[in-house]
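Per chain, numbering begins at 1; letters A, B, ... match sequence-line order. Note that this is a predicted model, so its numbers are computed, not measured. The figures that follow rest on heavy atoms only: side chains count, while hydrogens, waters and symmetry mates do not.
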Amino acid sequence: MSAKSPEDRILAAIRAIPHGQVAGYGEVAHRAGLPGRARLTARILSQNDDPALPWHRVLRSDGRIAFPEGSKAFREQSQRLRAEGVKVEGGRVKRPRKADDLDAALWGPGPR
DNA sequence: AGCGTGACCATGT
DNA sequence: TACATGGCCACGC
């Protein structure tokens, strides 16, 4: 059967991140069935060459962009995130907490 | 085999 | 929130 390599799993986990949402490196690794391999995720992304991979949805665990502020990649990532409705301020991503998310679900873009 | 480096993380202060 | 420390794992020299 398909004995997938860790790389394939991580890539799949990243592709599984919904539009407008973000995830941490460790979180991605965990979802890929590789707990504790956050650095592996980072390395995969640095080596990836798939333009269809939503790498911009992957951030550090504290919601910060993993690039130095002002760098090219940094601007690229923040811009893409904003294009998906994610707020980015000071190199940090305002990620909706559960409570805020619930609020948004009730009063925000949802039905009614 | 040892050492340094890296798109990291959890914990403590 | 910011900084320091220890841990993790893969790669190159």
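Side-chain contact between A:Pro54 and A:His56 is present, with heavy atoms from C-beta onward closer than 4.5 Å. The shortest distance between side-chain heavy atoms of A:Leu34 and A:Thr41 does not fall below 4.5 Å. Using a 4.5 Å heavy-atom threshold, the side chains of A:Arg82 and A:Lys87 count as separate. For the pair A:Ile14 and A:Ile44, the minimum side-chain heavy-atom distance is 4.5 Å or more.
A salt bridge links A:Arg15 with A:Asp50; the closest basic N to acidic carboxylate O contact falls under 4.0 Å. Electrostatic pairing of A:Lys72 and A:Glu76 does not count as a salt bridge here, judged by no charged N lying under 4.0 Å from a carboxylate O.
Distance check on atom C1': C:dG7 versus B:dG6 gives 15 Å, rounded to whole Å. To the nearest whole angstrom, the two C1' atoms, one in C:dC8 and one in B:dT5, are 14 Å apart.
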Exercise. Sugar-phosphate atoms are those with a prime plus P, OP1 and OP2; base atoms are the rest. Using that split, label each nucleotide of nucleotides 2-13 of chain C B, S or - for protein heavy atoms under 4.0 Å, 5' to 3'.
Key: S-----BSSS--

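For DNA chain B, the outermost nucleotides in 5' to 3' order that have an atom under 4.0 Å from a heavy atom of chain A are B:dG6 to B:dA10.
Listed for the A:Glu84 side chain is no donor-acceptor partner under 3.5 Å among the backbone atoms of A:His19.
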Self-check item: Audit row: A:Arg57, A:Arg80, side-chain contact (heavy atoms from CB on, under 4.5 Å) steps and yes/no
Solution: CA-CA 9 Å; A:Arg57 294 180 192 150; A:Arg80 286 190 175 208; over 6 Å; no

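Counting non-hydrogen atoms under 4.0 angstrom, A:Ser46 reaches a base of the nucleic acid.
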